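Residue numbers start from 1 in every chain, and the chains themselves are labelled A, B, ... in the order their sequence lines are given, proteins ahead of strands. What you see is a predicted model; the values in this text were computed from it and never measured.
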Amino acid sequence: MEIQATTYDAYRLVHEGILAFARAERHGIRVDVEYCKKKRAHLTRKVNHLYAKLRETDLYKTWYKVYGNKLNTESNHQLAYILYTVMKMDPPKKTKSGKGSTDEETLQQLNVPELDKILEIRKLLKIRDTYLNAFLKEQVHGYIHPFFNLHTVRTYRSSSDRPNFQNIPKRDEQAMKTSRRAIFPRPGHQILAVDFSGIEVRIACCYTEDEKLIYDTLHGDMHGDMAVELFKLDSLNKKYPGEKNLRQGGKNGFVFPQFYGDYYGNCALNLLEWAKIGSLRDGTPALEHMQNKGLVTLTKDGKVTKKGIEKFTEHVKKIEEDFWNRRYKGYKKWKEKTWEEYQKKGYIKFLTGFTYKGVARRNELLNAPIQGTAFHSLLWCFIEVDKIAQEEEWDTALCGQIHDEMLTDTNPDELERVAKTIQRVTCKDLPEAWPWWIISPEVEADLCPVDASWNTKQEYKLPEVE
DNA sequence: GGAACTCGCCAC
DNA sequence: AAACGTGGCGAGTTCC
């Protein structure tokens, strides 16, 4: 690559980034203190109610016999001892340090109805303690001031703390609503969030210059294509919910894990989980279809047999080989070249001028430039938008950032101007400033109504910029 | 009584 | 041969 950013460019990005983040931190984010208090109490009542039910169960009675007054339902250590030592159940999964696991997946597999109550309690406590309580602890005069750090992450991404603004629930409906209901714009303002679409894949395009990857990103559907191959479908259409699930499986069970460096063994197991909730447009369950295609064998009650898992794993192995050796061979070549360079020199350089050095495993090393550079693109835009906001004396302010997304606390009168500016900076100015952006960036936006909390966001079509 | 650890779980 | 990248944080536990 002939275009080479310098270390000084990297330094400047961090320097200006810190200043822009400091302004966002000072601005802060409004929280509904009364709501947090009320909801916190409400969750406590709910949890107590669940505790009362749990106390009636056999599991609890066994637990009490062993621990007496030291019994603590939040202690996974105690729970593991009860399940795997006292009750002598076989742990379906072990933790890194080799003890029987008590995470959600494991407890569900154990098929003990009482454990569902523990999971429900865990979920509510997570919302109460990690989010609502943290907001209350950190708020000053109704505003939290999350920090955005540029000095903590090996890949030169950012992190956030006090409180962490980058892990507020989004996927789980209840957790999302309960947590984000606490986050508000300034009075009379509205929250606008703009995020890059598939930025890591696009950055991978810039590094690898893989023609097929570029084509698929712009015009194709790599997740759908992979689902078709993995589940041996004739075709796939997202408009059928069962087939949409299979596409999700292709994406989250294969494509993303592969890009992070996972291998066919884990992917196969993952994909079988996705297959359970997938079906064809004619209603055929995905697993049944897969059996018809000879990908798995099922027991009478519809479970995948051990032999079936082996068969499917072999199938996924072949698809993995094809994925890297044929489909994205340019990407593979880049991985080999980059790993070799690192082993020879002890470091690699990012397109943004940052140097990655020190001991790294292969997956870490190959992920770093992509993750870091994706974030630097957001950071560059954040700085630009912040500068324009200063120059033009906006009443609107940047107030936060989540790796590939920026949030503004927006004056509705300025909404169109703000949206246009962000659209222009992200999609036009960025690739002009950094010509190694050989594929066009794209952004999507969400907007909340005026004076409405973050859980009310709706898709917002950004104005066209010529 | 605090530091350092494990585990689980939220985000990208 | 091995096999998922980057974080923060609450709670429990262990160590000193």
Side-chain angles (χ1 to χ4, degrees), chain A residues 67 70-81 93-107 118-119 121-135 137-138 146-172 174-176 178-180 193 195-201 203-204 252-270 313 316-317 320 324 335 356 360-375 378 400-406:
Chain A
Y67 285 96
K70 292 231 168 92
L71 185 155
N72 183 344
T73 36
E74 273 117 289
S75 167
N76 292 321
H77 183 81
Q78 290 185 12
L79 179 58
Y81 183 75
K93 199 171 81 178
K94 292 190 172 176
T95 66
K96 215 176 161 189
S97 69
K99 292 175 209 144
S101 171
T102 57
D103 66 9
E104 185 179 2
E105 194 195 339
T106 310
L107 296 193
I118 297 200
L119 289 176
I121 290 170
R122 247 190 219 167
K123 196 180 144 184
L124 298 179
L125 287 179
K126 173 86 179 171
I127 300 171
R128 188 192 71 180
D129 296 338
T130 308
Y131 302 107
L132 300 182
N133 205 34
F135 297 158
K137 206 169 83 184
E138 298 294 345
F147 288 82
F148 296 99
N149 313 302
L150 286 172
H151 65 290
T152 62
V153 183
R154 285 202 73 188
T155 61
Y156 304 101
R157 234 198 199 182
S158 68
S159 69
S160 169
D161 60 8
R162 293 172 289 167
N164 183 351
F165 191 67
Q166 295 179 322
N167 71 348
I168 299 172
K170 182 175 190 174
R171 213 192 81 252
D172 181 278
Q174 185 199 5
M176 185 279 280
T178 314
S179 308
R180 296 193 176 207
D195 71 298
F196 282 100
S197 332
I199 193 169
E200 289 202 0
V201 175
I203 294 297
N252 297 322
F254 186 80
V255 176
F256 282 174
Q258 285 290 328
F259 284 154
Y260 282 139
D262 204 358
Y263 87 115
Y264 61 87
N266 287 335
C267 291
L269 295 175
N270 248 320
T313 304
V316 177
K317 184 180 178 189
E320 180 186 288
W324 290 111
K335 291 205 287 187
Y356 188 100
R361 284 160 299 194
R362 194 170 188 270
N363 286 342
E364 279 178 321
L365 189 276
L366 295 176
N367 176 250
I370 294 172
Q371 190 187 94
T373 305
F375 169 68
L378 182 278
Q401 155 274 130
I402 312 173
H403 307 303
D404 68 350
E405 171 179 358
M406 61 175 101

Handout entry: Distance-only donor-acceptor test, A/Lys126 side-chain atoms vs B/dC9 base atoms, 3.5 Å
Key = yes
Fill in the blank from the handout: Against the side chain of A/Ser159, the closest entry in C/dG7, C/dT6, C/dG12 is C/dG7
Handout entry: d(CG, A/Leu124; C1', B/dC10) in whole Å
Key = 15 Å
Problem - Whole angstrom value for the distance that separates P of C/dT6 from CG of A/Leu365 - result: 11 Å
Handout entry: Out of B/dT6, C/dG12, C/dC4, whichever nucleotide has its closest atom nearest the side chain of A/Ser75
Key = C/dG12
Practice task
Looking at every strand, decide which applies to A/Glu200 at a 4.0 Å heavy-atom threshold: base, sugar-phosphate, or nothing.
Solution key: nothing
Problem - pair A/Arg122-A/Leu107: side-chain heavy atoms closer than 4.5 Å - result: yes
Exercise for the section: For the side chain of A/Lys96, starting at C-beta, report the closest nucleotide among C/dA11, B/dC7, B/dG8. Expected result: B/dC7
Exercise for the section: From the options B/dC7, B/dC9, B/dC10, select the nucleotide whose nearest atom is closest to the side chain of A/Asn167. Expected result: B/dC10
Exercise for the section: Mind checking A/Leu125 for me? I need base, sugar-phosphate or nothing, with any heavy atom below 4.0 Å counting as a touch. Expected result: nothing
Exercise for the section: Looking at every strand, decide which applies to A/Lys170 at a 4.0 Å heavy-atom threshold: base, sugar-phosphate, or nothing. Expected result: sugar-phosphate
Practice task
Report which part of the nucleic acid A/Ser160 touches: base, sugar-phosphate, or nothing (heavy-atom distance under 4.0 Å, all strands).
Solution key: sugar-phosphate
Exercise for the section: Assign A/Gln371 to base, sugar-phosphate, or nothing according to its heavy-atom contacts below 4.0 angstrom with the strands shown. Expected result: base
Exercise for the section: Verify the contact: side-chain N or O of A/Ser101 to OP1 or OP2 of B/dG8, cut-off strictly under 4.0 Å; return yes or no. Expected result: yes
Exercise for the section: Quick one: label A/Lys137 by what it contacts on the DNA or RNA (base, sugar-phosphate, nothing), any heavy atom closer than 4.0 Å. Expected result: sugar-phosphate
Handout entry: Euclidean distance, atom CG of residue A/Asn252 to atom P of C/dG5 [Å, nearest integer]
Key = 17 Å
Exercise for the section: Report the distance from atom CD of A/Gln401 to atom C1' of C/dG7, rounded to the nearest whole Å. Expected result: 12 Å
Practice task
Kindly say if A/Thr155 contacts the phosphate of C/dG5, meaning a side-chain N or O under 4.0 Å from OP1 or OP2.
Solution key: no
Practice task
Quick one: label A/Gly261 by what it contacts on the DNA or RNA (base, sugar-phosphate, nothing), any heavy atom closer than 4.0 Å.
Solution key: sugar-phosphate
Handout entry: Nucleotide of B/dA11, C/dG8, C/dC4 approaching A/Tyr260 most closely (side-chain heavy atoms)
Key = C/dC4
Exercise for the section: Indicate yes or no: at least one non-hydrogen side-chain atom of A/Gln258 is less than 4.5 angstrom from one of A/Trp324. Expected result: yes
Fill in the blank from the handout: Which of C/dG8, C/dT6, C/dC4 is nearest the side chain of A/Asn266? It is C/dC4
Problem - Side-chain heavy atoms of A/Ile168 within contact of A/Phe135, under 4.5 Å - result: yes
Handout entry: Residue A/Lys93 excluded, over 12 heavy atoms near NZ under 6.0 Å
Key = yes
Exercise for the section: Please examine the side chains of A/Arg171 and A/Met176, heavy atoms only from C-beta on, and report whether any two atoms are closer than 4.5 Å. Expected result: no
Completion exercise
A/Leu119 CG to B/dC10 P, in whole Å, measures 11 Å
Problem - A/Phe375 six-ring face occupied by A/Arg157 cation (under 6.0 Å, within 45°) - result: no
Exercise for the section: Rounded to the nearest angstrom, tell me the gap between atom CG in A/Asp129 and atom P in B/dC9. Expected result: 14 Å
Problem - Any A/Arg362 side-chain N or O less than 4.0 Å from OP1/OP2 of C/dA3 - result: no
Problem - Side-chain N,O (A/Thr130) to OP1/OP2 (C/dC9) below 4.0 Å - result: no
Exercise for the section: Quick one: label A/Asn72 by what it contacts on the DNA or RNA (base, sugar-phosphate, nothing), any heavy atom closer than 4.0 Å. Expected result: sugar-phosphate
Fill in the blank from the handout: Closest of C/dT13, C/dC9, B/dC12 to the A/Asp404 side chain is B/dC12
Problem - Distance in angstrom units between A/Arg361 CZ and C/dA3 C1', rounded - result: 11 Å
Practice task
Mind checking A/Asp195 for me? I need base, sugar-phosphate or nothing, with any heavy atom below 4.0 Å counting as a touch.
Solution key: nothing
Exercise for the section: Select base, sugar-phosphate, or nothing to describe what A/Tyr131 touches, counting heavy atoms under 4.0 Å on all strands. Expected result: sugar-phosphate
Completion exercise
Closest of B/dC12, C/dC9, B/dT6 to the A/Ile402 side chain is B/dC12
Problem - Steps toward side chain to side chain contact (heavy atoms under 4.5 Å, CB included) verdict (A/His403, A/Gln371) - result: CA-CA 9 Å; A/His403 307 303; A/Gln371 190 187 94; over 6 Å; no
Handout entry: Over 12 non-hydrogen atoms of neighbours within 6.0 angstrom of OH in A/Tyr356
Key = yes
Practice task
Please report, rounded to the nearest Å, how far the P atom of C/dA3 is from the CG atom of A/Leu366.
Solution key: 16 Å
Problem - Candidate nucleotides B/dC9, B/dC12, C/dT14, ranked by approach to the side chain of A/His77 - the nearest - result: C/dT14
Exercise for the section: Can you check whether any acceptor in the base of C/dT6 is under 3.5 Å from a donor in the side chain of A/Arg154, or vice versa? Expected result: no
Exercise for the section: Please state whether the base of B/dC12 and the side chain of A/Arg157 form at least one donor-acceptor pair under 3.5 Å? Expected result: yes
